[in-house]
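In what follows, a structure is listed as structure tokens, so that the remarks can point back to it.
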Amino acid sequence: MNIKGNLLDVLSQLPAGVKLVAVSKFHPNEAILEAYEAGQRIFGESKVQEMTDKQKSLPKDIEWHFIGHLQSNKIKYMAPYVSMIHGIDSYKLLCEINKQAESSRRVIPCLLQIHIAQEETKFGFSFDECRNLFAQEKWEKLTHISICGLMGMATNTDNLKQIETEFCSLSTFFKEIKHTYFAQNPDFKELSMGMSHDYLQAIAVGSTLVRVGSKIFGERTY
Ligand SMILES: *Cc1c(COP(=O)(O)O)cnc(C)c1O
């Protein structure tokens, strides 16, 4: 596996302003270091325990993004160091992150996950659930989180037209929320969408953060 070559390939396709989260879940420290030595600093993980073990043994200037499904009892382990949490899909989780961030005297950047795929299995708020959350205003009292944008996953399909439609709907929704609730807040700027098989489609409609794993590190063995 030529990790450095794969990484540089992906980076060369990203327009200015689009950042890469190199998804290193299930890959060993050696693989992460190879990407690190090629200049990559943002890595994505989907298990808190695995991410925390890696954070302890790898260089301290790595920015760890949590992209997995959250369990509230695990948040405390990553609160001291996590750079961004992507997959938040309830107000309750936001409250728990806020509480743990306060204990660590931090403000944790968060992205709300929106359900755009056709599969039942992908987590996330519906557009209306998300609108309701913002309309209720109680989120504004959570002073130890910073809502920096939205995240979504398209249906796992070869139908590029469908993927494009789903990403487009999220991009439009992102603009609506930004305009309605964050017009004065420049922190709300990230749209996390696109993985190995669909990041080019995601970039074409406004993604600012792509989460690419297997295209860089190879297939995962679970
Ligand atoms: C694993 C994962 C990725 C990376 O997937 P690849 O297909 O390997 O690029 C991106 N986003 C999330 C939420 C993931 O769980």
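Atoms within each ligand, like the ligands themselves, are counted from 1 in listed order. Please read all numbers here as calculations on a predicted model, not as lab measurements.
Remark: distances from the non-hydrogen atoms of Arg220 to ligand 1 include one below 4.0 Å.
Ring pair Phe182/Phe134 is perpendicular by interplanar angle, where above 60° counts as perpendicular and below 30° as parallel. Ring pair Phe217/Phe43 is tilted by interplanar angle, where 30° to 60° counts as tilted.
Every atom of ligand 1 with a heavy atom of Val212 under 4.0 Å away is listed here by number and element: 9 (O). Close approach of ligand 1 to Arg211 is summarised as follows: ligand atoms under 4.0 Å from at least one heavy atom of the residue are 4 (C), 9 (O), 10 (C), 11 (N), 12 (C), 13 (C). Per-residue contacts place Gly213 under 4.0 angstrom from the following atoms of ligand 1 (heavy atoms of the residue considered): 4 (C), 6 (P), 8 (O), 9 (O).
By the 4.0 Å N-to-carboxylate-O rule, Glu176 lies close enough to Arg131 to be salt-bridged with it.
Nearest to atom 12 (C) of ligand 1 among the protein's heavy atoms is Ile67 CD1, 3.5 Å. The shortest contact between atom 5 (O) of ligand 1 and any protein heavy atom is with Met195 CE, 3.4 Å. Remark: minimum distance from atom 14 (C) of ligand 1 to any protein heavy atom is reached at Lys25 NZ, 3.0 Å.
Here the OH atom belonging to Tyr181 is positioned 9.0 Å from the CD atom belonging to Glu140, to the nearest 0.5 angstrom. For the atom pair Thr208 OG1 and Phe174 CZ, the distance stands at 6.5 Å (nearest 0.5 Å).
Heavy atoms of Ser196 found under 4.0 angstrom from ligand 1 belong to the backbone as well as the side chain.
The two residues Asn156 and Glu119 have their closest heavy-atom pair at N-OE2, 3.1 Å.
Close N/O approach between Ser214 and ligand 1 is found [any backbone or side-chain N/O within under 3.5 Å].
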Would Lys54 and Glu50 count as a salt bridge (charged side-chain N to carboxylate O under 4.0 Å, His left out) if you check the C-alpha gap in whole Å, the side-chain angles of each, and the deciding distance to 0.1 Å? CA-CA 6 Å; Lys54 287 172 172 173; Glu50 180 181 349; 2.8 Å; yes

